[in-house]
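In what follows, a structure is listed as structure tokens, so that the remarks can point back to it.
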Amino acid sequence: MSFNPIALNGKRFLISGAASGLGRATSVLLSKLGAELLLLDINEEGLNSTKELCGDAVVNCISANLQNPVEIKPVIIGAVEKWGKLNGFVHLAGRPYVSPLKSINHNTTTEIFNLNTYAAIELSKVFISKNVFADVPGSIVFISSVYGIVGSAANVGYAMSKAALHGVTKSLSIELAAKNIRVNCVAPGFVKTNMLDNVSGSFNQDYYNTLNNLHPLGLGEADDVANAIAFLLSDMSKWITGTILSVDGGFTAQ
Amino acid sequence: MENFLNQMAELLEVDSVNPQDEIISFDAWDSLTSLSIIAMADDEYSVNISAQEILNAKTIIGLYQFIQSKK
């Protein structure tokens with residue numbers, strides 16, 4: 001057997017936000033690395049498409065609205081009873097929120113916080129229960145953003161939700177170390193996904209060019225982020241916890 | 001309509017606006033205000049509009065009618 005320290009055979013991971021973009025790319029990569037997957041999203045059609053892209057891998061799908069915390073636990077408990085305990089999870093579900101301060105809206109900001117941030121905490125809470133965690137070294141990966149690290153105009157609600165994840169990462173990494181669960185966070189720059197298409201639809205070509213120029217290595221691909229996630233889930237990163245890993249083509253190096 | 005006028009007045013940083021006012025004629029008009037209008041249209045009317053569509057609408061009433069047409 002060839003040496004492959006990033007292989008994920010025999011491990012099972014939950015992927016939130018798996019119906020599109022980074023979630024889809026991550027699911028496909030992890031399945032190629034041998035992991036069994038439990039895909040979670042509100043978009044069932046998108047989940048089925050992702051499952052098809054995972055080929056012959058063992059992949060099951062569950063649907064829940066992560067903006068509503070009370071939906072999360074019963075859906076995951078039910079899935080784990082059916083398909084087995086988890087070795088970790090990745091919280092990729094998230095929404096952008098472009099709004100200057102003067103148009104910020106409390107309801108929308110709360111929705112963004114619930115999905116981007118609080119769902120990460122709720123998923124962690126469910127994951128550590130003895131009925132869900134496979135009781136072997138575990139790994140949790142959150143996804144923040146360059147805008148959890150550096151500022152940008154018209155982004156206060158989104159930045160709040162992503163910067164908060166950095167605190168969640170560090171706090172939980174300490175709390176869960178005794179359980180042998182690592183907690184890390186990937187902070188991507190802009191990658192070519194549907195989310196960027198939706199956001200950039202509000203702007204013109206000049207803005208798009210500016211965005212591209214902010215990344216010394218250019219805009220990223222979804223696989224660039226998926227590769228970092230796979231590393232953090234694998235035993236290759238077994239001594240890494242509480243870190244915020246920038247995967248941003250040099251955006252925050254400047 | 002009255003609610004929309006009040007929302008636009010707040011975003012354009014004036015006490016009140018008239019339906020025939022040109023959107024880009026206000027001192028507060030800039031790219032951030034354009035984004036504010038886009039966010040307001042999404043939050044309040046569940047309508048996605050672009051910066052170019054705001055310019056195309058020209059006036060306050062033109063923008064109101066455009067948003068209504070997309071609902």
Side-chain angles (χ1 to χ4, degrees), chain A residues 20-21 42-43 46 65 67-68 94-116 145-147 150-162 190 193-214, chain B residues 1-19 21-71:
Chain A
S20 61
I42 197 170
N43 174 359
N65 178 7
Q67 285 177 189
N68 183 9
R95 278 174 53 192
Y97 182 29
V98 176
S99 174
L101 181 61
K102 63 184 175 182
S103 57
I104 198 95
N105 175 290
H106 179 249
N107 288 339
T108 304
T109 304
T110 302
E111 287 174 10
I112 296 293
F113 176 79
N114 283 342
L115 176 62
N116 294 6
S145 162
V146 288
Y147 291 140
V150 300
S152 78
N155 219 12
V156 60
Y158 185 72
M160 170 204 72
S161 74
K162 293 303 189 178
F190 283 79
T193 68
N194 287 338
M195 189 190 282
L196 175 57
D197 290 343
N198 291 339
V199 173
S200 59
S202 307
F203 303 99
N204 56 25
Q205 186 63 37
D206 286 346
Y207 181 85
Y208 192 84
N209 293 340
T210 302
L211 205 55
N212 194 50
N213 292 337
L214 285 170
Chain B
M1 177 69 179
E2 190 178 338
N3 191 35
F4 182 76
L5 293 177
N6 290 334
Q7 288 162 341
M8 288 298 289
E10 190 172 337
L11 296 183
L12 292 163
E13 301 175 24
V14 292
D15 292 334
S16 63
V17 296
N18 295 310
D21 287 341
E22 281 199 36
I23 297 170
I24 65 169
S25 68
F26 291 86
D27 289 342
W29 172 257
D30 61 10
S31 58
L32 278 180
T33 301
S34 175
L35 282 175
S36 296
I37 294 170
I38 292 167
M40 180 270 286
D42 189 15
D43 285 332
E44 303 290 336
Y45 302 96
S46 300
V47 168
N48 291 317
I49 61 174
S50 69
Q52 188 58 50
E53 286 168 335
I54 295 172
L55 294 174
N56 293 346
K58 286 191 168 56
T59 60
I60 302 283
I61 184 72
L63 182 61
Y64 176 75
Q65 289 168 343
F66 179 70
I67 289 173
Q68 294 298 317
S69 74
K70 290 192 76 172
K71 280 175 77 174

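Residue numbering restarts at 1 for every chain, and letters A, B, ... go by the order of the sequence lines.
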Is it the case that over 12 heavy atoms from other parts of the model lie below 6.0 angstrom from the CG atom of B/Asp27? no
Would you call the rings of B/Phe4 and B/Tyr64 parallel, tilted or perpendicular, where under 30° means parallel and over 60° means perpendicular? tilted
With a 4.5 angstrom heavy-atom cut-off, which part of B/Glu53 approaches chain A: side chain, backbone, both or neither? neither
Does any heavy atom of chain A fall under 4.5 Å from the side chain of B/Ser31, the backbone, both, or neither of them? neither
Between A/Tyr97 and B/Asp43, is there a side-chain donor-acceptor contact under 3.5 Å, judged purely by atom types and distance? yes
Which region of B/Glu44, side chain (C-beta onward) or backbone (N, CA, C, O), has a non-hydrogen atom less than 4.5 Å from a non-hydrogen atom of chain A, or is it both or neither? side chain
A/Lys102 vs B/Glu10, salt bridge (Lys or Arg N to Asp or Glu O under 4.0 Å): CA-CA, chis, key distance, verdict: CA-CA 8 Å; A/Lys102 63 184 175 182; B/Glu10 190 172 337; over 6 Å; no
